[in-house]
Amino acid sequence: MDLYGWMQLALFLGLLLLVTRPMGVYLYRVLDPEGKTFLDPVLKPVERLIYRLMRVDPRSEQDWKRYAVSLLMFSLVGTVFTYAVLRLQHLLQLNPQRVGPVSEHLAFNTAVSFVSNTNWQSYGGESTMSYLSQMVALAFHNFVSAASGIAVAAALVRGIARHTAKTVGNFLVDLVRATLYLLLPLCLLYALFLVSQGMIQNFKPYETARLVEPTAEKTQIIVQGPMASQVAIKMLGTNGGGYTNANAAHPYENPTPLTNFLQIFSIFLIPSGLTYYLGKMVKNRKHGWSVWGAMAVLFLAGVLLCWWAEGAGNPRLHALGVDPAGGNMEGKEVRFGIFASALFATVTTDASCGAVNSMHDSFTPLGGLVPLLNMHLGEVVFGGVGTGLYGMLVFVILTVFLAGLMVGRTPEYLGKKIDSYDVKVSAIAVLLLIFDIMVFTAWAVVSDWGLAGRSNAGPHGFSEILYAFSSATANNGSAFAGLTANTWWYNTTLAFAMLIGRFFFIVPVLALAGNMAKKKVVPESGGSFPVSGVTFVLLLVGTVLIVGVLSFFPAISLGPIVEHFLMVRSNAIF
Amino acid sequence: MKDLFAELRASIAATLLLAVLCCGIYPAVVWGIAQVVFPGKANGSLVKVDGKVAGSSLLGQGFTAPKYFHPRPSAAGQGYDAAGSSGTNLGPTSRKLIGDVQQRVADYRTENGLPPDALVPVDAVTSSASGLDPHISPANANLQAGRVASARGIPKEEVLRKIRAHTEGRYLGILGEPRVNVLTLNLSLDGKL
């Protein structure tokens with residue numbers, strides 16, 4: 001854990017702190033249909049035109065059920081759209097490599113994967129997808145699944161901020177405004193910056209280079225295509241679906257340490273701003289910052305453990321004469337080194353991003369435990385755009401409820417009484433995800449189709465399967481990528497895990513939003529539980545950890561933990 | 001039912017309109033500006049030798065001859081396949097990983113005339129994440145300098161100077177790690193850069 005790592009960590013957290021308020025204020029304007037932004041002169045006419053063509057009145061609002069129906073319908077249309085493009089890509093334009101149609105189960109898995117903001121990839125982008133599929137079928141969802149996440153977060157925050165109200169906003173209006181005023185302008189600048197650092201953006205066929213030292217191969221085929229426009233939204237929208245198989249480890253997809261730093265930073269940019277949006281909306285900025293603080297604590301714990309484990313390296317290799325000073329560089333790039341790889345792995349799973357700049361499958365057991373556990377905690381550490389905030393707010397409700405139980409008073413949250421309905425839907429949301437991961441993993445590890453996918457034997461093979469279903473359920477998309485998942489069974493089961501993880505969480509959250517909006521506000525009294533300050537932060541961190549760690553401790557014991565002890569205390573190899 | 005139909009209609013309209021914006025206009029604008037302002041980078045930072053493409057300065061290439069610096073082991077295709085990026089995805093207690101590294105450590109010591117107990121830089125014997133890592137660590141490059149110098153019959157000092165010229169430092173002195181670009185270093189040793 002060298003000085004340069006500490007400096008990068010300080011810079012990262014410092015910059016994040018700095019952008020949270022301006023980002024939050026901007027989000028406040030974007031998520032208010034009447035809000036004014038500096039982009040209005042250009043974008044307002046476009047926005048009006050879209051509403052007119054959709055036949056949507058931007059001033060009309062929806063109750064939570066109608067909001068949910070809109071979201072589900074839009075997601076369904078998007079799934080069909082993407083499935084169709086993938087199946088027909090060989091007949092469509094922009095396919096200079098003449099790649100064939102995507103198989104039925106892979107197209108289904110991929111469509112669900114991008115609709116649910118997971119971006120799990122059972123395929124290698126450069127060998128499977130045409131430029132059109134990348135740009136239209138996949139990048140479309142990078143935008144709109146991110147915007148949908150923001151919309152749901154906005155609906156929940158409105159529900160909390162309003163009282164005696166029936167409605168929580170209008171889904172299509174939230175969707176359009178988040179895409180138009182937030183994601184598109186940021187991506188435009190970001191993509192151009194990425195090109196300036198060496199990321200490709202063209203429509204040429206793959207390049208053929210004559211090798212400098214010809215061996216059995218005489219040439220090197222070099223991937224091309226419209227990469228920068230896709231990578232910008234892939235990071236900013238916490239999607240994470242790589243243009244190439246190696247994702248952000250590919251030198252084109254992440255050319256320099258500066259692009260690496262900004263890619264990590266852009267994962268947290270919007271989620272961090274959303275905590276400020278929360279504080280501003282509920283007129284309790286300290287609450288927003290306390291949620292930010294709890295997230296920062298969990299983030300630091302993860303990154304420090306991962307950094308330490310990867311820096312300590314693999315003692316089995318040290319015994320062979322490998323210099324221990326270099327840490328664990330298997331599956332890592334020299335330009336990033338240990339710290340920037342550990343930071344990326346932690347942040348991409350704190351959020352529901354799932355892009356990787358190093359291969360998590362080759363991490364040390366404890367280094368790989370951090371991304372796995374982050375997903376088990378529900379990706380509420382800043383989290384995905386929108387999903388992180390509404391996930392954390394579910395934990396806030398549970399925390400307030402637990403605190404109420406401890407002191408024996410009716411739990412209150414920001415002046416509203418928390419009733420059994422709120423606690424039930426929150427608990428259902430959390431438990432369904434745990435159930436989803438556990439049941440699918442258990443099924444896979446006792447099935448031939450499940451075991452056949454492993455590329456590593458022993459406890460690491462179990463970790464590969466557990467990681468896959470955790471990643472799918474948590475809508476992350478990163479993998480212990482040795483797993484061969486492009487089979488009918490894996491593609492289908494993972495697709496259902498993703499659907500459950502996304503929509504069986506969103507619907508209870510919207511129900512919570514609707515119920516919160518209905519409530520009356522009771523004046524705060526001396527007995528009200530304060531939702532800001534150190535006590536609240538610690539209780540919130542504790543609740544997240546207890547739910548996540550207690551649920552998954554048996555599973556992670558069988559995987560990373562036993563593997564760690566085998567690595568340091570035995571000579572067992574698999 | 002009428003409501004659902006209205007939702008469906010609006011959803012289809014939203015899908016088409018946002019697709020035009022996010023998947024048509026946006027990438028096209030990025031493409032247009034990128035091709036005008038950063039044409040070399042937008043097209044892959046290609047390196048040309050005698051007017052023909054010899055690779056990309058961002059992507060690694062395989063080298064095995066003693067007169068060239070050797071890159072890291074690669075798991076992309078048959079090695080450095082720039083249309084099939086991949087890591088090994090081997091776990092830390094993998095029999096294959098440990099066997100491979102044992103072999104590579106022995107080979108590295110032999111090739112570079114190192115004593116049998118010499119510590120070997122970790123990047124020299126482990127595969128990168130992409131299989132296309134263009135870089136090696138300065139420590140790894142320095143250990144290979146003697147072999148390259150004697151294979152080329154030039155003073156080691158000159159090779160070390162070339163290494164320094166192709167070493168990139170941390171960005172702003174903070175971000176990332178110091179590194180040596182193997183392809184451009186080898187091309188410059190051949191006098192082709």
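These numbers come from the heavy atoms of this one structure, side chains and all, not from hydrogens, waters or symmetry mates. Just so we're on the same page: letters track the sequence lines, and every chain starts at 1.
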Legend entry - Under 4.5 Å from a heavy atom of chain B, the part of A/Leu11 involved: side chain
Legend entry - Aromatic centroids of A/Phe480 and A/His460 separated by under 6.0 Å: yes
Inset, instruction - Please work out whether the ring planes of A/Tyr243 and A/Tyr131 are parallel, tilted or perpendicular, with thresholds of 30° and 60°. - result: tilted
Inset, instruction - Measure distances from A/Leu172 to the heavy atoms of chain B and classify the residue's part below 4.5 Å as side chain, backbone, both or neither. - result: side chain
Legend entry - chain B contact via A/Pro315 - which portion, at a heavy-atom distance below 4.5 Å: neither
Legend entry - Heavy-atom proximity to chain B below 4.5 Å, by part of A/Arg316: side chain
Legend entry - Point-to-point distance, once rounded to the nearest 0.5 Å, from OG of B/Ser128 to CD of A/Glu330: 8.5 Å
Inset, instruction - Hey, could you give me the CG/CD1 distance between A/Leu184 and A/Ile233, rounded to the nearest 0.5 Å? - result: 7.5 Å
Inset, instruction - Measure A/Ala481 against the heavy atoms of chain B and call it side chain, backbone, both or neither at under 4.5 Å. - result: both
Inset, instruction - Select all residues of residues 146-172 of chain B having any heavy atom within less than 4.5 Å of some heavy atom of chain A, and report them by number, or 'none'. - result: B/Arg170, B/Tyr171
Legend entry - Side chain / backbone / both / neither for A/Gln97 at chain B, heavy atoms under 4.5 Å: neither
Legend entry - For A/Tyr252, ring pair (Phe, Tyr, Trp, His ring centres under 6.0 Å) partners two or more places apart: A/His250
Inset, instruction - Pick one of side chain, backbone, both or neither for B/Pro178, based on which atoms fall under 4.5 Å of a heavy atom in chain A. - result: backbone
Inset, instruction - Salt-bridge test for A/Glu333 and A/Arg335: reply yes if a basic N is under 4.0 Å from a carboxylate O, no otherwise. - result: yes
Legend entry - Within the 6.0 Å centroid threshold, strictly below: A/Phe81 and A/Phe140: yes
Inset, instruction - Counting only heavy atoms closer than 4.5 Å, note whether A/Asn357 contacts chain B via side chain, backbone, both or neither. - result: backbone
Legend entry - Point-to-point distance, once rounded to the nearest 0.5 Å, from OG1 of A/Thr256 to CZ of A/Phe336: 7.5 Å
Legend entry - Proximal component of A/Val56, with respect to chain B [non-hydrogen, under 4.5 Å]: side chain
Inset, instruction - Measure the CG-CG distance between B/Asn89 and A/Asp361 for me, rounded to the nearest 0.5 Å. - result: 4.5 Å
Inset, instruction - Write down the atom of B/Phe69, the atom of B/Ala141, and the distance for their closest heavy-atom approach. - result: CE2-O, 3.2 Å
Inset, instruction - For the pair A/Glu563 and A/Ser463, evaluate side chain to side chain donor-acceptor pair (under 3.5 Å) and give the outcome as yes or no after the intermediate values. - result: CA-CA 9 Å; A/Glu563 189 190 10; A/Ser463 299; 4.6 Å; no
Legend entry - Portion of B/Tyr80 that has a non-hydrogen atom of chain A nearer than 4.5 angstrom: both
Inset, instruction - Name the region of A/Phe261, side chain, backbone, both or neither, that has any atom closer than 4.5 Å to a heavy atom of chain B. - result: side chain
Inset, instruction - Measure the CG-CG distance between B/Leu8 and B/Asp3 for me, rounded to the nearest 0.5 Å. - result: 12.5 Å
Legend entry - Atom pair OG (A/Ser362) and CG (B/Leu97), whose distance is rounded to the nearest 0.5 Å: 7.0 Å
Inset, instruction - List for me each residue that meets ring pair (Phe, Tyr, Trp, His ring centres under 6.0 Å) alongside B/Tyr68, sequence neighbours excluded, and say none if there are none. - result: B/Phe63
Inset, instruction - Measure A/Glu217 against the heavy atoms of chain B and call it side chain, backbone, both or neither at under 4.5 Å. - result: side chain
Legend entry - Which atoms of B/Ile12 approach chain A - backbone, side chain, both or neither, heavy atom under 4.5 Å: both
Legend entry - Heavy-atom proximity to chain B below 4.5 Å, by part of A/Lys332: backbone
Legend entry - Neighbours of chain A found in residues 32-50 of chain B - heavy atoms under 4.5 Å: B/Ile33, B/Ala34, B/Gln35, B/Phe38, B/Lys41, B/Ala42, B/Asn43, B/Gly44, B/Ser45, B/Leu46, B/Val49
Inset, instruction - Using non-hydrogen atoms and a 4.5 Å limit, figure out which bit of B/Asn140 sits close to chain A: side chain, backbone, both or neither. - result: neither
Legend entry - Residue among A/Val176, A/Asn456, A/Leu3 with most heavy-atom pairs under 4.5 Å to chain B: A/Asn456
